[in-house]
Each structure stands twice: as structure tokens, then as C-alpha cells.
2 protein chains.
Amino acid sequence: MIKIGELSKVTGCSVQTIRHYEKEHLIASAERSEGNFRLYDEAAVEQLLFIKHCRSLDLSVPEIRQLLALNRSPGAQCDDVNRMMDRHIEQVEARIQELTRLNEQLRMLRRSCSNRRTVEQCGILRNLSATPVSSG
Amino acid sequence: MIKIGELSKVTGCSVQTIRHYEKEHLIASAERSEGNFRLYDEAAVEQLLFIKHCRSLDLSVPEIRQLLALNRSPGAQCDDVNRMMDRHIEQVEARIQELTRLNEQLRMLRRSCSNRRTVEQCGILRNLSATPVSSG
DNA sequence: TATAAACTCTATAACAACTATAGAGTCAAT
DNA sequence: ATTGACTCTATAGTTGTTATAGAGTTTATA
């Protein structure tokens with residue numbers, strides 16, 4: 001059994017994050033030592049790594065909760081898992097498109113000003129004052 | 001002079017957002033009517049549209065504050081504006097790259113499970129349990 | 001044994017940029 | 001007088017952490 005600092009080192013999650021996950025019921029309440037310190041076993045390490053992996057894929061806490069629940073009911077069909085992944089992938093792709101459009105607009109704006117002008121003549125500020133381009 | 005609801009309609013910013021911007025000193029404190037209602041003129045409309053345009057480009061509130069300050073000091077060089085835009089563009093492009101990598105990983109993960117399996121055999125859950133791919 | 005260092009505990013606030021709510025006041029029309 | 005639409009302030013919630021304060025525990029050293 002290891003204490004929270006050790007779990008933090010092993011998993012790369014900060015101590016506060018681990019306590020936060022416990023409060024959010026992503027991980028079960030840990031056993032406590034006599035002095036009220038949290039104690040973790042190997043299973044806790046695995047589960048925390050699972051969560052960390054999910055977070056690295058930008059899955060939200062509620063999504064992870066759902067995955068963990070499914071993981072605990074082995075008889076269930078995994079259509080739910082697939083649907084969640086599909087929805088998540090859609091979201092990520094939508095965000096990429098959004099940022100790509102944004103990037104084009106920013107680059108266009110940036111080209112409207114070269115250095116060594118006063119802000120009176122600054123094309124960036126002038127363009128920002130104009131009505132925004134419709135996002136279509 | 002128009003009231004906050006009218007300003008909201010004209011600019012497309014919500015009433016709360018306008019009040020929020022005032023509290024954050026992005027816009028000046030509005031004049032008040034006898035009954036303590038905020039009153040806005042055409043200049044307020046313009047400034048709010050400027051802010052909205054900046055936000056649509058994901059510029060942060062502190063960045064916008066800086067732009068507004070520069071806008072108010074016409075003699076200043078606009079190098080600062082350019083530097084801010086360059087930094088911002090870098091951030092956006094970094095985020096796009098990050099999300100693109102993420103998307104690849106998600107699609108790979110998604111392919112590891114077809115429907116109509118039980119979660120015991122679900123490749124997605126199995127892969128999420130394995131050690132995450134190093135982000136390189 | 002005293003004590004200091006390193007760790008842990010809980011509770012609470014901060015971050016960003018809003019959004020939502022409660023409870024009260026204002027204004028125009030009926 | 002009252003209804004409805006609007007506005008006001010103050011406060012809390014959103015998301016996933018991170019940071020802080022003030023206290024208790026454990027371990028190592030003097």
C-alpha cells in the first residue's frame with residue numbers, strides 16, 4: 001500500500017488531482033491509515049492510469065465516469081462506448097475546423113500590418129474595428 | 001441613448017456579458033438614467049463590436065485590454081500589436097497540431113472496436129487500460 | 001527526547017469567460 | 001392598481017485542475 005505522494009509520482013497525476021478525482025467519484029474513496037492518510041494498492045494505480053489516458057484524449061470527467069461504469073459491467077454491449085467515441089471524435093474534428101478558420105482569419109489580419117507604423121495606421125486595429133467577417 | 005437590452009440586440013452580446021465586460025473594465029462604466037439604468041451611445045456599440053470581433057478570434061480579455069489601450073494612444077508604434085498577433089497565431093497553430101494528433105489517436109482507438117461485442121472484448125476499453133502512447 | 005523536515009489532511013479560493021439565478025427595483029401600458 | 005417587460009446587484013455555477021491556509025502525522029536527525 002502506498003500513500004498519495006507515491007501514487008502521484010507513479011502515475012504523473014498531481015496529489016490535488018487525485019484527491020479531486022476522489023471527490024468527483026472517478027476513483028473510489030481510498031482506505032485510510034491510522035493517521036488518516038490515504039492508502040492505495042496496485043488496482044488504484046491502474047485505474048488512475050486509465051483515467052489519465054482518457055484525459056489525455058480530452059474525454060470529459062462525465063464521459064470517463066460512464067466508461068468506468070461500462071468497464072465494471074462486462075456483460076454490457078459496447079455500442080455505448082462506440083457512440084461516445086464517435087461523438088467525441090466529431091467534437092474534436094469540429095474544433096479543428098473552427099481553429100483552422102480562425103487561423104486563416106488571424107493570418108489575414110496579421111498581413112494587414114507591417115512593423116514600424118504608428119497604431120493610427122495599423123491595419124490590424126483598423127480591421128478589428130470593422131464589422132467581423134461572417135463565419136460562413 | 002439606448003439601454004442594455006437594446007445594446008445586446010444590436011451587438012449580439014448577452015446582457016450579462018456586457019455587464020461582465022464593464023466589471024472587467026473592458027468597456028467604460030456606462031452613464032445611468034434617473035432610474036439607474038445603463039445608457040449607451042453609438043461609440044459604445046462600436047467598442048463592443050471591436051471586443052466581440054477580438055473574442056471571435058479567441059483573443060483573451062487581457063489581450064483585448066492591451067489592444068484597446070494601444071488604440072487609445074495613437075502615437076505608439078504598433079510593434080506590440082504585431083507581437084501579440086504573432087504569439088496568438090502560434091498558440092492557435094499549436095492547439096491545432098495538438099488536436100490533430102489527438103484525433104489520430106482517437107480514430108485509431110475507435111477502429112479497435114466494432115459494435116455488438118460485450119465490453120469484455122471491447123478493444124477501446126482494453127486499449128485505454130494499457131499504458132498511454134507517448135506523445136512524441 | 002526534542003524538533004525539524006517532509007509529508008498529509010480538510011476546506012476554500014483562484015483560474016477564464018462567461019451563464020444562470022434570486023430578489024428587488026423601474027417603467028410603460030392597461 | 002396592476003401586469004409584464006425590462007433592469008439592477010450580488011452571488012453561485014460551469015470545467016478540470018492548481019494554489020493556499022492552517023492543522024495534523026510521520027520520519028529522520030541532534
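Order of the sequence lines fixes the chain letters, A, B, ..., with proteins taken first and strands second; residue numbering starts at 1 for each chain.
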Grab the [atom1]-[atom2] distance between [X] and [N] for me, whole Å please.
{"X": "A/Y40", "N": "C/dT8", "atom1": "OH", "atom2": "C1'", "result": "11 Å"}
{"X": "A/E22", "N": "C/dT8", "atom1": "CD", "atom2": "P", "result": "14 Å"}
{"X": "A/I64", "N": "D/dT15", "atom1": "CD1", "atom2": "C1'", "result": "12 Å"}
{"X": "B/K23", "N": "D/dA10", "atom1": "NZ", "atom2": "P", "result": "7 Å"}
{"X": "B/E6", "N": "D/dA5", "atom1": "CD", "atom2": "C1'", "result": "14 Å"}
{"X": "A/Q91", "N": "D/dT15", "atom1": "CD", "atom2": "P", "result": "13 Å"}
{"X": "A/E24", "N": "D/dT18", "atom1": "CD", "atom2": "P", "result": "14 Å"}
{"X": "A/E31", "N": "C/dC9", "atom1": "CD", "atom2": "C1'", "result": "17 Å"}

Taking 4.0 angstrom as the limit, do B/D80 and B/R83 come out as a salt bridge?
-> yes
State whether A/R87 and A/E63 are salt-bridged, where the test is any N-O pair (Lys NZ or Arg NE/NH1/NH2 against Asp/Glu carboxylate O) under 4.0 Å.
-> no
Interatomic spacing from CZ in A/R38 to CG in A/L7 - rounded to 0.5 Å = 11.0 Å
Which of these, A/Q97, A/E93, A/Q91, A/E98, sits in a side chain to side chain donor-acceptor pair (under 3.5 Å) with A/R95?
-> A/E98
Does A/R110 reach the main-chain N or O of A/C113 with its side chain, forming a donor-acceptor pair under 3.5 Å?
-> yes
Check whether any side-chain N or O of A/H88 sits under 3.5 Å from a backbone N or O of A/L57 as a donor-acceptor pair, and report yes or no.
-> yes
Report, one pair per line, the protein and nucleotides 13-21 of chain C atoms (nitrogen or oxygen only) whose separation is under 3.5 Å.
unit_1: C/dA17; atom_1: OP1; unit_2: B/V61; atom_2: N; d: 3.4
unit_1: C/dC18; atom_1: OP2; unit_2: B/Y21; atom_2: OH; d: 2.8
unit_1: C/dC18; atom_1: OP2; unit_2: B/R55; atom_2: NE; d: 2.8
unit_1: C/dT19; atom_1: OP2; unit_2: B/S14; atom_2: OG; d: 3.4
unit_1: C/dT19; atom_1: OP2; unit_2: B/T17; atom_2: OG1; d: 3.0
unit_1: C/dA20; atom_1: N7; unit_2: B/Q16; atom_2: NE2; d: 3.3

Produce the list of close N/O pairs, under 3.5 Å, pairing protein atoms with atoms of nucleotides 24-27 of chain C; give distances to one decimal.
unit_1: C/dC27; atom_1: OP1; unit_2: B/G35; atom_2: N; d: 3.3

Closer than 4.0 Å, any side-chain N/O of A/R38 to the OP1 or OP2 of C/dC9?
-> yes
Evaluate the side-chain proximity of A/K3 to A/L39: yes if any heavy-atom separation is below 4.5 Å, no if none is.
-> yes
Min side-chain heavy-atom separation B/I2-B/V45 under 4.5 Å = yes
Are A/Y40 and A/F37 in one and the same hydrophobic cluster, where Ile, Leu, Val, Met, Phe, Trp and Tyr link if side-chain heavy atoms are under 4.5 Å apart?
-> no
Would you say A/E24 has more than 12 foreign heavy atoms packed within less than 6.0 Å of its CD?
-> yes
How large an angle, rounded to 10°, do the end axes of the helix from C/dT1-D/dA30 to C/dT30-D/dA1 enclose when each is built from five base pairs?
-> 40°
Which atoms form the tightest heavy-atom contact between B/L109 and B/I124, and what is the distance?
-> O-CG1, 3.4 Å
